[in-house]
Peer 1: 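Following this message is one structure expressed as structure tokens.
Both ligands and their constituent atoms are indexed starting at 1 by order of listing. FYI, the numbering just counts along the sequence from 1.
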Amino acid sequence: MKETDLIKQITPSFYRRSSVVTGIGDDGAVIKPPSGHELVVVADAMIEDVHFSFNYMDLSDIGHRVLAANVSDLIAMGSEPLYYLITIGVPSDYNHNDIQSLYDGMNELAKVYNMDLIGGDTTSSSKLMISITAFGSVLPNKKRLRFQAESGDVVFVTGNLGESGYGLHLLNDDPKSKDNYFINRHKRPVPRQAFLQASQSLNRICLNDISDGISTELNEIAEASLVNIEINYESLPVHQDMTKLNSTFLKQLVLSAGEDFELVGTCSVQEWKQLEQLSQKLNVPIKSIGSVTSSSSNPKVNLIESDQTTILERKGYEHS
Ligand SMILES: Nc1ncnc2c1ncn2[C@@H]1O[C@H](COP(=O)(O)OP(=O)(O)O)[C@@H](O)[C@H]1O
Ligand SMILES: Cc1ncc(C[n+]2csc(CCOP(=O)(O)OP(=O)(O)O)c2C)c(N)n1
Ligand SMILES: [Mg+2]
Ligand SMILES: [Mg+2]
Ligand SMILES: [Mg+2]
């Protein structure tokens with residue numbers, strides 16, 4: 001497949017955002033940042049057999065999923081997703097239709113957020129590699145940062161935990177499994193855009209998205225904010241159909257499987273009431289799971305289960 005043909009094939013015929021001055025086709029893209037806003041920039045890559053497998057995913061699922069991971073980080077910063085660049089390393093036996101499917105999957109999700117593809121790069125590779133860099137905009141006082149947790153805050157989470165991990169488990173068990181709710185949560189996660197709207201009026205939110213697992217994300221918040229956090233295992237939101245799973249397996253899924261692309265964060269008790277109401281109005285499932293107990297120079301996350309307290313260590317996915 002020739003690179004020039006490929007670029008022609010994937011160049012959009014129009015841009016959704018008028019702030020794209022020059023898109024694909026020159027040495028670089030030109031954008032006019034929204035006035036009064038700051039730009040947020042994120043990058044996340046996915047590699048064949050590390051983040052996905054062709055045993056159970058097709059190229060459009062993969063396109064959707066890698067853009068979702070980036071959108072999830074943009075939302076976790078409090079920013080509105082705007083544009084993205086994609087770099088692909090493609091095995092030599094791929095044809096035009098394969099690449100089109102990958103871009104179709106991305107574009108389906110991009111449509112939801114009104115995002116534009118504004119550039120990228122193409123190289124050859126032994127396994128499929130996709131790296132996205134994405135941009136979002138945020139008002140300076142609405143950034144949702146990891147170091148913004150304060151003693152006394154409510155700790156909350158959106159959606160349910162462990163669903164993507166359970167979907168992956170079902171697929172590993174039988175790659176030919178028919179799509180069901182959990183499998184779709186793994187293959188085609190949809191980041192919580194409506195949370196941005198629900199939380200817009202709040203002054204301060206500390207926020208992180210759940211890619212590696214809540215045990216990792218909460219420890220990141222505790223360390224960045226220099227606070228101790230306490231969460232109740234029984235309060236963690238779990239889908240009814242998963243409650244029948246073996247309890248050790250369920251605990252691993254809920255605390256450390258990750259890839260749910262839900263949000264975990266903290267806000268003041270006063271603002272929590274408002275956030276809960278606004279989220280309900282906009283159909284964002286949200287639940288209080290604990291609290292920020294104190295400031296600390298030695299930050300810890302405690303897990304309370306059946307009145308027993310243990311330290312919740314980072315047990316998320318680590319790339320070796
Ligand atoms: N290889 C790298 N080179 C430079 N910066 C990196 C690299 N990997 C991660 N980062 C930066 O480290 C921070 C945390 O990254 P990461 O743990 O991947 O975040 P997330 O889990 O939210 O995707 C981010 O600021 C990211 O841009
Ligand atoms: C084939 C396959 N094996 C294992 C996993 C599980 N897995 C891979 S990466 C990952 C964690 C998230 O990925 P990472 O690159 O750390 O995302 P980031 O935190 O940077 O957003 C998990 C749970 C998977 N999704 N697919
Ligand atoms: Mg990352
Ligand atoms: Mg993140
Ligand atoms: Mg990420």
Peer 1: So which of Leu226, Asn228, Ile229 actually passes side chain to side chain contact (heavy atoms under 4.5 Å, CB included) with Ser296?
Peer 2: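 The option that passes is Asn228.
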Peer 1: Measuring from atom CD1 of Ile132 to atom CE of Met46, what distance do you get when rounded to the nearest 0.5 angstrom?
Peer 2: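 Ile132 atom CD1 to Met46 atom CE measures 8.5 Å (nearest 0.5 Å).
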Peer 1: If you scan the protein for heavy atoms around atom 15 (O) of ligand 1, do you find one that is closer than 4.0 Å?
Peer 2: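 No, no protein heavy atom sits under 4.0 Å from atom 15 (O) of ligand 1.
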Peer 1: Enter the distance from Ile118:CD1 to Tyr84:OH here, rounded to the nearest 0.5 Å.
Peer 2: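 It comes to 10.5 Å.
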Peer 1: When you measure from the Mg ion (ligand 4) to each N, O or S atom of Asp73, which atom gives the shortest distance?
Peer 2: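 When I compare the N, O and S atoms of Asp73, OD1 is nearest to the Mg ion (ligand 4).
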Peer 1: Heavy-atom distances under 4.0 Å decide this one: backbone, side chain, both or neither, for Asp44 against ligand 1?
Peer 2: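 The part of Asp44 near ligand 1 is the side chain, not the backbone.
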Peer 1: Just distances here: any N/O of Asp73 and N/O of ligand 1 closer than 3.5 Å?
Peer 2: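 N/O-N/O distance under 3.5 Å: yes.
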Peer 1: Please check atom 25 (O) of ligand 1 for a protein heavy-atom neighbour under 4.0 Å.
Peer 2: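 It does not: no protein heavy atom is found less than 4.0 Å away from atom 25 (O) of ligand 1.
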Peer 1: Could you check which N/O/S atom of Asp209 is closest to the Mg ion (ligand 4)?
Peer 2: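 It is OD1 of Asp209.
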Peer 1: Is there side-chain contact between Glu223 and Arg146, with at least one heavy-atom pair below 4.5 Å?
Peer 2: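 Of all side-chain heavy-atom pairs linking Arg146 with Glu223, none is under 4.5 Å.
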Peer 1: What atoms of ligand 1 come closer than 4.0 angstrom to any heavy atom of Ser211?
Peer 2: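 Atoms satisfying the 4.0 Å criterion: 21 (O).
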Peer 1: What protein heavy atom sits nearest atom 17 (O) of ligand 1, and how far off is it?
Peer 2: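 Checking every protein heavy atom, the shortest distance to atom 17 (O) of ligand 1 gives Glu220 OE2, 4.7 Å.
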Peer 1: Does NZ or CZ of Lys187 come closer than 6.0 Å to the centre of the six-membered ring of Tyr56, within 45° of the ring's axis?
Peer 2: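 Checked: cation-pi criterion not met.
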Peer 1: Can you name the closest pair of heavy atoms from Lys315 and Ser215 and give their distance?
Peer 2: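 Answer, listing the atom of Lys315 first, then Ser215: N-OG, 2.9 Å.
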Peer 1: What part of Arg146 sits under 4.0 Å from ligand 1 if we count only heavy atoms: the side chain, the backbone, both or neither?
Peer 2: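 Just the side chain.
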Peer 1: Report the distance from atom OH of Tyr317 to atom CG of Asp212, rounding to the nearest 0.5 Å.
Peer 2: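 One gets 10.0 Å once the value is rounded to the nearest 0.5 Å.
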Peer 1: Could you name the protein residues that come within less than 4.0 Å of ligand 2, counting only heavy atoms, and order them by chain and residue number?
Peer 2: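 Within the 4.0 Å shell of ligand 2, which is judged on heavy atoms, sit Asp44, Val50, His51, Phe52, Tyr56, Arg65, Leu168, His186, Ser211, Asp212, Ala257, Glu259, Tyr317, His319.
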Peer 1: Please examine the side chains of Leu275 and Cys267, heavy atoms only from C-beta on, and report whether any two atoms are closer than 4.5 Å.
Peer 2: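 Sidechains of Leu275 and Cys267: in contact.
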Peer 1: Tell me whether Arg185 is salt-bridged to Glu163, with the criterion being a basic N under 4.0 Å from an acidic carboxylate O.
Peer 2: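 Counted as a salt bridge, because a side-chain N and a carboxylate O are separated by less than 4.0 Å.
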Peer 1: Provide the full list of ring-ring contact (aromatic ring centres under 6.0 Å, His included) pairs with a residue in residues 158-180, sequence neighbours left out, each pair given once.
Peer 2: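 As it turns out, the ring-ring contact (aromatic ring centres under 6.0 Å, His included) pairs with a partner in residues 158-180, which skip direct neighbours, are Tyr166-Phe182, His169-Phe249.
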